[in-house]
Peer 1: 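Below: one structure in structure tokens.
Proteins come first, then strands; the chains are lettered A, B, ... in the order of their sequence lines, and each starts at number 1.
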Amino acid sequence: MRWSSYYLFTTREVPADAEVVSHRLMVRAGMIRKEAAGIYSYLPFGWRSLQKLSAIVRRELDAAGAIELHMPVVHDADLWRESGRWRAYGKELLRVRDRHERDFCLGPTHEEVVTDIVRRDIRSYRQLPTNLYQIQVKFRDEIRPRFGLMRGREFIMKDAYSFDVDEAGLDAAYDQMDLAYQRIFTACQLDFSRVEADTGAIGGSSSHEFMVLADTGESQVVSCRECGYGANVERAETQPLAAPAAEPPAERQQVSTPSCTSVAEVAELLGVGPERVVKTLLYETSDGPVAVLIRGDREINQTKLANHLDLPEVALAGEALVRSVSGAEVGFAGPVGLPDTVRLIADESVRGLTNVVCGANVTDAHLTGVNWGRDVDLAEFTDLLLVTGGDACPRCGSELTLSRGIEVGHIFKLGSKYSEPMGCNYTDEQGQERPMMMGCYGLGIGRTIAAAIEQNHDDSGIIWPLPLAPFTALVTPLTNRDDAVVAAAEGVYHDLQSHGVDVLLDDRDERPGVKFNDADLVGIPVRVVIGSKSLADGKVEISLRRGGDKELVPVDGAAERVLELIRPPGA
RNA sequence: CGGGGCGUAGCUCAGCCUGGUAGAGCGCACGGUUCGGGACCGUGAGGCCGGAGGUUCAAAUCCUCUCGCCCCGACCA
């Protein structure tokens, strides 16, 4: 491709609305253009990168036995009514009407459609298992799209759906997809982590997320260097916390703690460690108020709480509710003397504590010397702890590290969640009709590209991992006025093309500085620079975008050297 | 949905408080000088000041309403 006739326009100015580096660089490098909030055009240069990733995804999924198809963007509402999600999905589902006033929606995911397809075609266990996938546009009317391709409303996703006769089959399909995902992200040369994920409302027995590690990631994960355990913090567990030494029960006393609404303030005023203070947090749920106890130095994991209560979500109670339930201002609630209507749940971290400090349900007062059993009956203990860096690995006890990640893939075991209500059944060997066991497997194509840039850039621009680079090599003649330079550049360009290399020739009539800066910005991995000076010695300059030194090679050997540099290791 | 901010040239922004001739830099076009890390000089094109209503002799500027966009919290690939 010749840059002078290609559609690639870089900008020096940083777009005002781009916050994160991948977004800024993608806009500056002419990869994407925003059309509306969370909706982008993929410009030719960016589209090439998505195509490179799509090809890798197809290769690995095909190898894993999945079969590509393509489903519609617009879905008949009746299908969604069948699964129950027409009501349940909420505002994220963009609903539209056609000219006959018939309801449709833009597909945010395709369980309904794929289940409808499969239930019509597959009747017998002999036709199973199967695994269908597509790479396609999704639409989710996100509350807050942001960060360019990282969280769009319209985005490109690979989604796969497996259908099996039983749990064992599902397990096998799941493991295969798991492996395929690991191969995909490895092939992309991304630093990723596979972690246990919360299954939440979807339920099911297992779920894993694939995280590209980056500081700008919106998800937090903990991982263990020793044994390889990794989990989204929503899901993460740890070993029981070391409890402070038990003491003989002391007398319960109410003490004055004016304006001390935080654990730190109370602990300091009373001269005790925060692990001897117990926080009481009040939540407002559709089933009424819930009080949750947790050790003062730790935080509650709201996802675990919601799962425990079997609710889609929970929210901290507002000030008014806190006052009416506890009888005190926010900051002084405690378990002693709460109304019976409040469900009291304790995190495991408070189980062995003695002589604790907690709110007195009186403004500006706390209780000391509180003991379970004598002062309060705690019947409901469960794990609600938000795990953090430094906690002990639940498997091996080593220290966990906390890091941020971008969720680029998520795999689920769905079981019969969709097959049952939608009647996606098959006949087994005994002639019995049974629901198929399903799994679903998502991979964000655009988001993975954004994540790759988050992980691979410097102050000057993108540093593409070779497999995702829009072009593999860039040939840059430094001037168009020296015939020898132009001829040499054309020669290298054609050599590389004839070897099937994706090569871009910067034949624009620009000054060298402009070409160098653009080259850094667009980040093509291998660069061949041809200038009058080195060419006088019959040499051209080859360098890698990723920090490599320049090397001078004879013009004739330039293409060969480039081929060496891009050859995958071991090939 | 709550909280904060912004809509002026293709892009990044000034002007608005205190109403009176539409501005800069970059980019673009033309001419000249330059040519190994975003050159310089000159000339020029380019605007319904997001939209609607109002106040006023006069509105980018003041008021009301709207639409869009961005950032911070609950969702997800």
Side-chain angles (χ1 to χ4, degrees), chain A residues 9-20 23-24 27-28 30 33-39 53 57 89-93 108-110 135-160 181 197-198 200-202 207 209-212 217-219 232 234 284 302-303 306 312-316 318 405-412 440-451 460-461 476-482 485 508-521 529-535 540-541 550:
Chain A
F9 307 104
T10 61
T11 65
R12 200 197 301 211
E13 304 276 4
V14 183
D17 55 7
E19 192 77 1
V20 300
H23 187 192
R24 279 202 296 269
V27 172
R28 287 193 53 211
R33 164 115 350 110
K34 187 173 73 181
E35 301 297 344
I39 300 178
L53 174 58
V57 168
Y89 214 96
K91 289 195 170 174
E92 219 166 275
L93 189 64
T109 172
H110 282 65
I135 293 176
Q136 199 236 22
V137 165
K138 300 280 181 275
F139 194 95
R140 295 183 189 171
D141 201 356
E142 291 271 355
I143 304 155
R144 191 148 108 70
R146 59 176 147 176
F147 300 161
L149 295 196
M150 292 253 266
R151 180 193 294 271
R153 295 147 91 199
E154 184 179 300
F155 58 99
I156 297 178
M157 170 166 137
K158 185 286 300 175
D159 46 326
Y181 273 46
D198 177 55
I202 295 188
S207 168
E209 288 168 333
F210 290 80
M211 299 281 187
V212 167
E218 295 184 272
S219 308
N232 192 313
E234 293 177 349
E284 192 164 6
Q302 290 202 7
T303 305
E313 58 183 7
V314 293
L316 276 170
I406 301 164
E407 183 192 347
V408 290
H410 198 165
I411 59 179
F412 281 99
C440 75
Y441 316 92
L443 191 157
I445 300 289
R447 186 184 277 185
T448 299
I449 295 298
S460 307
T476 304
L478 286 181
T479 173
N480 282 358
R481 284 172 311 286
D482 181 333
V485 167
R508 297 174 301 166
D509 188 16
E510 290 288 354
R511 296 165 59 85
V514 172
K515 294 191 177 191
F516 284 130
N517 279 298
D518 273 347
D520 289 345
L521 175 60
V529 173
I530 298 154
S532 306
K533 287 179 199 162
S534 43
L535 192 63
V540 300
E541 216 170 85
K550 297 173 192 163

Peer 1: Which one is paired to B:rC1, where only Watson-Crick or G-U wobble pairs with both distances under 3.5 angstrom count?
Peer 2: B:rG73
Peer 1: Using a heavy-atom cut-off of 4.0 Å across all strands, would you classify A:Glu541 as base, sugar-phosphate, or nothing?
Peer 2: base
Peer 1: Whom does B:rG38 pair with, Watson-Crick or G-U wobble, provided both distances fall under 3.5 Å?
Peer 2: none
Peer 1: Report the nucleotide, chosen from B:rG36, B:rC69, B:rC71, that has the shortest atom-to-atom distance to any side-chain atom of A:Leu478.
Peer 2: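 Minimum distance to the A:Leu478 side chain belongs to B:rG36.
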Peer 1: NA contact type, A:Glu142, heavy-atom cut-off 4.0 Å: base, sugar-phosphate, or nothing?
Peer 2: base
Peer 1: Nearest to the side chain of A:Lys91, which nucleotide is it out of B:rC1, B:rG36, B:rC26?
Peer 2: B:rC1
Peer 1: Between B:rC41 and B:rG27, how far is it from one P atom to the other, in whole Å?
Peer 2: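 Approximately 12 Å lies between the P atom of B:rC41 and that of B:rG27.
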Peer 1: Can you tell me how far the CZ atom of A:Phe155 sits from the CE atom of A:Met150, to the nearest 0.5 Å?
Peer 2: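 Separation between the atoms: 14.5 Å.
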Peer 1: Say you draw a straight line from CD of A:Gln302 to CD of A:Glu234; how long is it, rounded to the nearest 0.5 Å?
Peer 2: 10.5 Å
Peer 1: With distance as the sole criterion, do the side chain of A:Arg511 and the base of B:rU34 form a donor-acceptor contact below 3.5 Å?
Peer 2: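 Answer is yes: a donor-acceptor pair is held.
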Peer 1: So what's B:rA58 paired with, Watson-Crick or G-U wobble, going by both distances under 3.5 Å?
Peer 2: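 B:rA58 is paired with nothing.
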Peer 1: Can you tell me which nucleotide in B:rC69, B:rG36, B:rG38 comes closest to the side chain of A:Lys533?
Peer 2: B:rG36
Peer 1: Would you state whether a donor and an acceptor, one from the side chain of A:Arg151 and one from the base of B:rC75, lie under 3.5 Å apart?
Peer 2: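 Counting by modelled atom types and ignoring angles, a donor-acceptor contact under 3.5 Å is found here.
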Peer 1: Nearest whole angstrom, please: distance from the P of B:rC71 to the CD1 of A:Ile143.
Peer 2: 14 Å
Peer 1: Whole Å only: how far is the CZ atom of A:Arg28 from the P atom of B:rG38?
Peer 2: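 From A:Arg28 CZ to B:rG38 P: 14 Å.
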Peer 1: Taking the side chain as everything from C-beta on, heavy atoms only, tell me whether A:Arg28 gets closer than 4.5 Å to A:Leu521.
Peer 2: yes
Peer 1: Looking only at atom P, what distance separates B:rG50 and B:rG4, rounded to whole Å?
Peer 2: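 Result for the P pair: 22 Å, nearest Å.
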Peer 1: Contact class for A:Gly409 (heavy atom, under 4.0 Å): base, sugar-phosphate, or nothing?
Peer 2: sugar-phosphate
Peer 1: With a 4.0 Å cut-off on heavy atoms, is A:Ser534 in touch with a base, just the backbone sugar-phosphate, or nothing at all?
Peer 2: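 The residue A:Ser534 makes base contact.
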Peer 1: If you pin A:Asn517 and A:Pro145 to their nearest nucleotides in RNA chain B, which one's is more 5'?
Peer 2: A:Asn517
Peer 1: Check if the side chain of A:Glu510 and the base of B:rG37 share a donor-acceptor pair of N or O atoms closer than 3.5 Å.
Peer 2: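 Under the 3.5 Å cut-off, the side chain and the base do not form any donor-acceptor pair.
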Peer 1: Look at all strands and tell whether A:Lys158 reaches a base, only sugar-phosphate, or nothing, counting heavy atoms closer than 4.0 Å.
Peer 2: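 The answer is nothing, as A:Lys158 stays clear of every strand by at least 4.0 Å.
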Peer 1: Need the pair for B:rG23. Rule: Watson-Crick or G-U wobble, both distances under 3.5 Å, any strand; none if unpaired.
Peer 2: B:rC13
Peer 1: Check every strand shown and say whether A:Val408 touches a base, only sugar-phosphate, or nothing at a heavy-atom separation below 4.0 Å.
Peer 2: sugar-phosphate
Peer 1: Give the rounded distance in Å between these two atoms: CD of A:Glu19 and P of B:rG4.
Peer 2: 19 Å
Peer 1: Between B:rG19 and B:rC57, how many Å separate the two P atoms, rounded to a whole number?
Peer 2: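 Pairwise P distance, B:rG19 against B:rC57, rounds to 15 Å.
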Peer 1: Starting at atom CG of A:Asp17, determine the distance to atom P of B:rG7, rounded to an integer number of angstrom.
Peer 2: 14 Å
Peer 1: Expressed in whole Å, how much space separates the P atoms belonging to B:rU8 and B:rA45?
Peer 2: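 Pairwise P distance, B:rU8 against B:rA45, rounds to 23 Å.
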Peer 1: How far does the C1' atom of B:rG47 sit from the matching atom of B:rG7, given to the nearest Å?
Peer 2: 14 Å
Peer 1: Should B:rG53 form a Watson-Crick or G-U wobble pair with both distances under 3.5 Å, which nucleotide is its partner?
Peer 2: B:rC63
Peer 1: Return the value, rounded to whole Å, for the distance between atom CG of A:Leu316 and atom P of B:rA74.
Peer 2: 11 Å
Peer 1: Could you check which of B:rC71, B:rC76, B:rU12 has an atom nearest any side-chain atom of A:Ala16?
Peer 2: B:rU12
Peer 1: When the C1' atoms of B:rG38 and B:rU43 are compared, how many Å lie between them, rounded to an integer?
Peer 2: 23 Å
Peer 1: Just how far is it from atom CZ of A:Phe412 to atom OH of A:Tyr441, taken to the nearest 0.5 Å?
Peer 2: 11.5 Å
Peer 1: For side-chain hydrogen bond (donor to acceptor under 3.5 Å, both in side chains), just list the numbers for A:Asp518 and A:Thr10, CA-CA rounded to whole Å, side-chain angles, deciding distance to a tenth of an Å, and then say yes or no.
Peer 2: CA-CA 7 Å; A:Asp518 273 347; A:Thr10 61; 2.7 Å; yes
Peer 1: Tell me whether the side-chain N or O atoms of A:Glu13 pair up with the base of B:rG25 as donor and acceptor below 3.5 Å, since no angle test is needed here.
Peer 2: yes
Peer 1: Is it the case that the base of B:rG36 and the side chain of A:Thr479 share a donor-acceptor contact (distance under 3.5 Å, atom types as modelled)?
Peer 2: no
Peer 1: Using Watson-Crick or G-U wobble geometry with both distances under 3.5 Å, which nucleotide pairs with B:rC28?
Peer 2: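 Matched B:rC28 with B:rG44 under the 3.5 Å cut-off.
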Peer 1: Return the pairing partner of B:rC6 with a 3.5 Å limit on both distances, Watson-Crick or G-U wobble; otherwise return none.
Peer 2: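 Base partner found: B:rG68.
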Peer 1: Side chain of A:Glu407, heavy atoms from C-beta onward: which of B:rA77, B:rG38, B:rC35 has the nearest atom to it?
Peer 2: B:rA77
Peer 1: Using the C1' atom in both, what is the distance from B:rU61 to B:rU18, to the nearest Å?
Peer 2: 10 Å
Peer 1: Can you tell which of B:rG36, B:rC69, B:rC72 lies closest to the side chain of A:Lys550?
Peer 2: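 For the A:Lys550 side chain, the nearest candidate turns out to be B:rG36.
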Peer 1: Using a strict threshold of under 4.0 Å (side-chain N to carboxylate O), is an ion pair present between A:Glu154 and A:Lys138?
Peer 2: no
Peer 1: Could you pick out which residue, A:Glu218 or A:Gly38, lies toward the 5' side of RNA chain B when each is mapped onto its nearest nucleotide?
Peer 2: A:Gly38
Peer 1: Expressed as a whole number of Å, how far does the P atom of B:rC16 sit from that of B:rU21?
Peer 2: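 Per the computed distance, 13 Å lies between those P atoms.
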Peer 1: State which of B:rC72, B:rA77, B:rG38 makes the closest approach to the side chain of A:Asp518.
Peer 2: B:rG38
Peer 1: Heavy atoms only: give me the nearest A:Glu541-A:Lys550 pair and the separation to one decimal.
Peer 2: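 In this case the closest contact between A:Glu541 and A:Lys550 is OE1-CD, 3.3 Å.
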Peer 1: Nearest-Å distance, CZ (A:Arg146) to C1' (B:rA74)?
Peer 2: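 It is 11 Å, rounded to the nearest whole Å.
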Peer 1: Check the distance between B:rC76's P and A:Arg144's CZ and give it to me in whole angstrom.
Peer 2: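 It is 16 Å, rounded to the nearest whole Å.
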Peer 1: Has A:Phe155 got its ring stacked on the base of B:rA77, with centres under 5.5 Å and planes less than 30° apart?
Peer 2: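 By the stated criterion, A:Phe155 and B:rA77 stack.
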Peer 1: Using whole Å, report how far CZ of A:Phe147 lies from C1' of B:rC72.
Peer 2: 10 Å
Peer 1: Please tell me which of the listed nucleotides, B:rA77, B:rC70, B:rG36, lies nearest to the side chain of A:Arg447?
Peer 2: B:rA77
Peer 1: In terms of side-chain geometry, is the basic nitrogen of A:Arg146 or A:Glu19 positioned less than 4.0 Å from the acidic oxygen of its partner?
Peer 2: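 Not counted as a salt bridge, because no side-chain N and carboxylate O are separated by less than 4.0 Å.
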Peer 1: Salt bridge (charged side-chain N to carboxylate O under 4.0 Å, His left out), that's the test. Do A:Lys91 and A:Asp141 meet it? Break it down for me.
Peer 2: CA-CA 7 Å; A:Lys91 289 195 170 174; A:Asp141 201 356; over 6 Å; no
